[in-house]
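Within every chain, numbering begins at 1; the chains are lettered A, B, ... in the order of the sequence lines, protein sequences first and strands thereafter. Basis for what follows: all heavy atoms, side chains included, without hydrogens, waters or symmetry-related copies.
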2 protein chains.
Amino acid sequence: MARTAGSHSDITGPRIREAALRLFAKHGYAAVSMRRIASEVGVQAGALYNYIPDKQALLFSLLKGHMDELLEAWDETAPGGDPLARLEAFVRFHIRFTLRRPESIFISYMELRNLEPENFIQIEALRGRYEAVLEQILRDGQAAGNLSVPDTRIAAFALIGMLTGVNTWYREGGRLSEDEVAALYWDMARKAVGAG
Amino acid sequence: MARTAGSHSDITGPRIREAALRLFAKHGYAAVSMRRIASEVGVQAGALYNYIPDKQALLFSLLKGHMDELLEAWDETAPGGDPLARLEAFVRFHIRFTLRRPESIFISYMELRNLEPENFIQIEALRGRYEAVLEQILRDGQAAGNLSVPDTRIAAFALIGMLTGVNTWYREGGRLSEDEVAALYWDMARKAVGAG
DNA sequence: GTCTATATTAGGATAGAC
DNA sequence: GTCTATCCTAATATAGAC
């Protein structure tokens, strides 16, 4: 949808972020030029700089937005009570989020190395908070005798790695629904932490 | 170690590959220039082209070399017999390989998107062969009643994701030895597939 | 707010001297 | 086999017209 001229401040900003997210996920931050993003949006490269100060800020904004959204979504979802129920909620939440925001999940750890040091520190801190959520659930479950893992910290990493890996094979419209995928992963995750 | 002149064909070739592997893993293929690789090796950029036709061929060569090495190493390691023993061997093999070749493992799936189509197809085929190894073990174990997973294909992806994730936290010289890490992961992997 | 035009820097790759 | 020098292309970012 090529366009010619005029003012579209309301929609251009979001469209820049959408295009950048999609292109960064597909080709990588360093491989995507500002011209290419602009072309996807239907403007010239110079117009992007009405919305972002530079390319790095665009990447940071996408990652920061993703992590904030992830943590807020969990805070709204998180149940209390039984550690095992909380673990199941976390697993299903993570799978659902990963399936619905595959590009955000993808760049949020693929493009960490392209963040400048200050930005990297901020994103890493948010990531750490998310991992700590799972580790706390595992610790509580261990203390309550609901489950048994050799090391709560490493078990948390192992579980997140297992769950996030769904991105490598899942394609929308495939043989399994979102709920079926979540059920499969919950079955394996539950057993992995000795709550079988 | 800057150098000035002379002929070093025996060592320059391998050093180019080592430098490229390290830099690609740290910063990403697209973010690393040929000049930077040359600088690490201690030659000028033009000299690289005595060893490789272009940058893309360098990336492909690294990924191809890694996958070949991975598959050959497994063929030499793979035991026969009991599916559960084969599964344990696979888990320990994968953890050991991942810990010893973190950079190769890292770029072998981070840089897939920077491969040109023909090259991508080749690497994907090799990756598929490796995943098929694990899936066959799971199928055999399922048939023999050694283990129980909801879906052998997805369980294979889940396990590989879990195991490869060790790269995100393991640092040499940390509190855990390679064998201890392998034991932790084997414990979780074994339980995850219902062979607890 | 967007365009066109451009300053400036850096990239991949090659040519020819040594 | 490596160096220096360079071609050519493309990148980020900015300036000024509309």
Practice item. Could you give me the CA-CA distance, side-chain angles and deciding distance for E88(A) and R190(A), then say whether side chain to side chain contact (heavy atoms under 4.5 Å, CB included) is met? Key: CA-CA 8 Å; E88(A) 177 170 2; R190(A) 182 174 49 82; over 6 Å; no

Exercise for review: Kindly determine whether S148(B) and K191(A) satisfy side chain to side chain contact (heavy atoms under 4.5 Å, CB included), including the steps that lead there.
Suggested key: CA-CA 11 Å; S148(B) 162; K191(A) 290 176 183 164; 4.3 Å; yes

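Remark: V32(B), S33(B) in residues 23-33 of chain B come within less than 4.0 Å of DNA chain C through at least one heavy atom.
Atom C1' of nucleotide dT2(C) and atom CZ of R15(A) are separated by 14 Å, given to the nearest angstrom. L58(B) has its CG atom 10 Å from the P atom of dA13(C), to the nearest Å. Taking atom CG of residue L48(B) and atom P of nucleotide dT4(D), one finds them 14 Å apart after rounding to whole Å. In this structure, CD1 of I37(B) is placed 12 Å from C1' of dG11(C), rounded to the nearest angstrom.
Residues L48(A) and T12(A) have side chains not in contact (no heavy-atom distance under 4.5 Å, counting atoms from C-beta outward).
Here Q44(B) reaches the OP1 or OP2 of dT4(D): one of its side-chain N or O atoms lies under 4.0 Å away. Side-chain N/O atoms of T12(A) include none lying less than 4.0 angstrom from OP1 or OP2 on dG1(C).
Pairs passing the salt bridge (charged side-chain N to carboxylate O under 4.0 Å, His left out) check and including a residue from residues 172-182 of chain B, sequence neighbours excluded, read D151(A)-R175(B), R100(B)-E178(B). Listed by first and then second residue, the ring pair (Phe, Tyr, Trp, His ring centres under 6.0 Å) pairs involving residues 174-196 of chain B amount to none (not counting sequence neighbours). Applying the side chain to side chain donor-acceptor pair (under 3.5 Å) test to residues at least two apart or on different chains, the pairs with a partner in residues 70-86 of chain B are R86(B)-D140(B).
Evaluation of the side-chain contact (heavy atoms from CB on, under 4.5 Å) rule for A57(A) yields P53(A), D54(A) as partners, not counting sequence neighbours.
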What nitrogen or oxygen pairs link the protein and nucleotides 13-18 of chain D at under 3.5 Å?
residue: dA13(D); atom: OP2; partner: Y49(A); partner atom: OH; Å: 3.0
residue: dA13(D); atom: OP2; partner: K55(A); partner atom: N; Å: 3.1

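No close placement of the F90(B) and F97(B) rings is indicated, their centers lying 6.0 Å or farther apart.
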